[in-house]
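Since the structure comes first, as structure tokens, the remarks are kept for the end.
All heavy atoms count here, side chains included; hydrogens, waters and symmetry mates do not. One is the number of the first residue; the rest follow in order along the sequence.
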Amino acid sequence: SKKAIHSQRNMSHHSNLSDAVTDPKSALPKGQYTPAHILQYEHLMGHNFMSCGGLKTTKKYAAPLEKYGNAIGEGTRILDVGCGIGGSAFYFASLGATVLGVDLSTTSIAIAKERLKEQSEEVQKRCTFVLGDALQLEYEDASFDLVYSRDAILHIPYAQKTELFKLAAKWLKPTGHVLLTDYGTRPDPSDKLKEYAKKRGYYLSTPEGYADIVEGAGFTVLEGPDRTWDYVTSSHAELRHLEATKDEFVGLYGEEAYKSIGKVYRDKIDMCLDNDRSFVMILASPLSHMKTRTEVLASCQDVFNSGLVMGTDGNVSSRVPGHDLMAIKASGVDYPSMTLRDVVVCEMDGTPLPGEKKPSSEINLHIGLYAHRPDFKAVVHTHSTYASAVSCTRKDMPCFHYSMGEVTTLMSFPCAKYACYGTPALASNVAAAVGTESQGCLMSNHGQVCGGADLDSAVYAARRLENLCEVYIKSRPLEVINMSKEEMEECVERDKTYGQVEDGAGLGHGCCR
């Protein structure tokens, strides 16, 4: 068959390779990655692959990257740790990525380089394969979008796994990810599994233990970690393929090899079904950055969908918990097209971290409010229609409705003096107007800004202020009577018993807090 001829050609390509297939300093068990061993597994896993499920699972596990704003494409830079014979690298390069593949096995790297010659000219330009230990090689900080590994880190001792992920955190751009799969175990592995792991030089963890290692190195796990059923399903499919192509396989590698690899597969499946062995998939990103970015992006989408902003107007920010950092919308990016890459992490003086985009033109506004109001953990600035209209009066809005108590404890809602957008002067005027008694202010001939203890509170305050400004404008033709201080204070007391709370214990429904 054509496939048999192709396999024979592959064997001839690598017939000059020694059975001493690993670097003398390598931790890989000798004999485990011979040319015959590699090609036998490739027969089951798919052309150019040495990982369970081959191309199918590669596509499946990489797909969520798009959801997190890191879809693989033109300009993506990937470090493939334990790249094997190049299957994943070739696929990613076909999407436009530049891939650096690293492996400890001289045979794997030799085959990958040979197979690279079969790829298109564009893929050949985008792939580089290097023999070496990822822990020993040096890469520039913030230089990769993805650190990727399929079924390879199991050879690295436990302490060095943590070291590798800490290095990955340095190598990744601020919006980068780690994506890995690996063999795992269960909390109380059998003696059979322990012996199996020892013989093969595997350092296995439970899926939860693997997630702990990754998070201990400064990441947050976004997807995973237990994908054992994926492994069982893929292994069953590969075993069926082995049985369906028995004559071809035996013709290439012999009857004993057929029996041996079949037994290995059946043993692996049985260990999974006996709840002794597991399979791990982890997609992770740098801890504090990713969580806050995700929240800011969600709030940007919220204010856009609520009609509080249009085009590229306005901005949203949040402090990064535990760090002197903020995450803020990038300058000049329209809301519908925003991804996590368009949320910029900055120092509290507005300096972006390496590799970040330019922050919002109103960065000074956010810097000033965070400095002036330590209780503000998030800030939302919008050009909402009614608030912008009232701001054009350059006057404070009087206390005409008891819901004013949600955004200020004063008898009027402040309007900051005019200054050009983006300037320190505007930031200073806004801080002075907000003072300590209001959740925000109007900005003369501009819009509104609100802060809060978290993003939800800040967004809600902006939404409530827009509602109040709409009611204010629509009530102007009427004979409006503003509320007195005594009436507002009565509302404050009433609010303490509002909702499902004991008397006096409530924060109420928000009004007159």
Side-chain angles (χ1 to χ4, degrees), residues 48-49 51 53-81 83 86-101 119-120 122-123 125-128 139 142-150 165 168-169 171-181 214 219-225 227 230 281-287 289-301 304-305 312 327-345 352-358:
N48 295 329
F49 281 91
S51 51
L55 180 59
K56 183 177 180 180
T57 52
T58 297
K59 290 180 177 180
K60 177 178 180 177
Y61 296 142
L65 287 165
E66 182 174 4
K67 177 171 65 175
Y68 295 103
N70 197 15
I72 295 170
E74 198 73 36
T76 305
R77 296 197 70 230
I78 300 173
L79 175 63
D80 187 351
V81 178
C83 62
S88 293
F90 300 149
Y91 169 64
F92 294 145
S94 74
L95 300 177
T98 300
V99 187
L100 173 59
Q119 306 301 313
S120 70
E122 285 303 311
V123 168
K125 290 178 182 178
R126 292 171 181 151
C127 288
T128 304
Y139 311 105
S143 58
F144 291 102
D145 299 287
L146 178 67
V147 174
Y148 175 85
S149 183
R150 289 295 309 270
F165 292 122
W171 300 331
L172 283 170
K173 296 177 183 177
T175 51
H177 292 82
V178 163
L179 174 59
L180 68 93
T181 65
V214 173
F219 290 85
T220 186
V221 173
L222 305 173
E223 305 267 346
R227 296 296 174 88
D230 282 357
M281 189 287 288
I282 288 177
L283 175 62
S285 273
L287 184 61
H289 300 168
M290 179 53 64
K291 185 174 186 297
T292 310
R293 273 182 217 276
T294 303
E295 292 170 349
V296 170
L297 178 59
S299 294
C300 285
Q301 294 166 340
F304 177 77
N305 292 333
T312 63
I328 187 169
K329 178 183 177 290
S331 179
V333 178
D334 66 297
Y335 289 86
S337 68
M338 278 189 71
T339 71
L340 289 169
R341 291 174 179 270
D342 301 312
V343 179
V344 180
V345 177
L353 297 188
E356 294 282 0
K357 292 186 175 183
K358 180 182 176 182

Between SG on residue Cys83 and CG on residue Asn48, distance to nearest 0.5 Å: 11.5 Å
Taking every non-hydrogen atom, the tightest pair across Leu179 and Ala62: CD2-CA, 3.8 Å
salt_bridge(Lys60, Glu223) N-O dist < 4.0 Å: no
Residue pair Thr181 / Thr57, side-chain heavy-atom distance below 4.5 Å: no
Working for side-chain contact (heavy atoms from CB on, under 4.5 Å), residues Glu295 and Val343: CA-CA 10 Å; Glu295 292 170 349; Val343 179; over 6 Å; no
Whether Tyr68 and His177 hold their rings parallel, tilted or perpendicular, with breakpoints at 30° and 60°: tilted
Rounded distance [0.5 Å steps], CG in Leu172 versus CZ in Arg77: 11.5 Å
Check: Phe92 and Thr76 side chains under 4.5 Å, non-hydrogen atoms: no
From Asp80 atom CG to Cys127 atom SG, the distance as rounded to the nearest 0.5 Å: 9.0 Å
Side-chain heavy-atom pair Met338, Phe304 within 4.5 angstrom cut-off: no
Donor-acceptor contact present, side-chain Ser149 to main-chain Val81, <3.5 Å: yes
Nearest non-hydrogen partners of Ala93 and Val123, listed with the distance: CB-CG1, 3.9 Å
N/O donor-acceptor pair under 3.5 Å between Arg341 side chain and Gly69 backbone: yes
Pairwise side-chain contact, Val296 with Ile328, heavy-atom cut-off 4.5 Å (strictly under): no
Nearest heavy-atom neighbours spanning Gly75 and Asp145: O-OD2, 3.7 Å
Exercise: identify the closest heavy-atom pair between Ala284 and Phe219: CB-CB, 3.9 Å
Note, Met281 side chain near Asp230 side chain (heavy atom, < 4.5 Å): no
Within 45° cone and under 6.0 Å: Lys329 NZ/CZ vs Tyr335 ring: yes
Leu283 vs Tyr61, side-chain contact (heavy atoms from CB on, under 4.5 Å): CA-CA, chis, key distance, verdict: CA-CA 8 Å; Leu283 175 62; Tyr61 296 142; over 6 Å; no
Over 12 foreign heavy atoms within 6.0 Å of NZ, Lys357: yes
Straight-line distance of Tyr148 OH to Leu65 CG, nearest 0.5 Å: 10.0 Å
Nearest-0.5 Å distance that lies between atom NZ in Lys173 and atom OG in Ser285: 13.5 Å
Atom pair OG1 (Thr339) and CD (Glu66), whose distance is rounded to the nearest 0.5 Å: 10.5 Å
Shortest non-hydrogen separation from Pro225 to Ile282 and the atoms involved: CB-CG1, 3.9 Å
Verdict with supporting geometry, Val178 and Val214, side-chain contact (heavy atoms from CB on, under 4.5 Å): CA-CA 9 Å; Val178 163; Val214 173; 5.5 Å; no
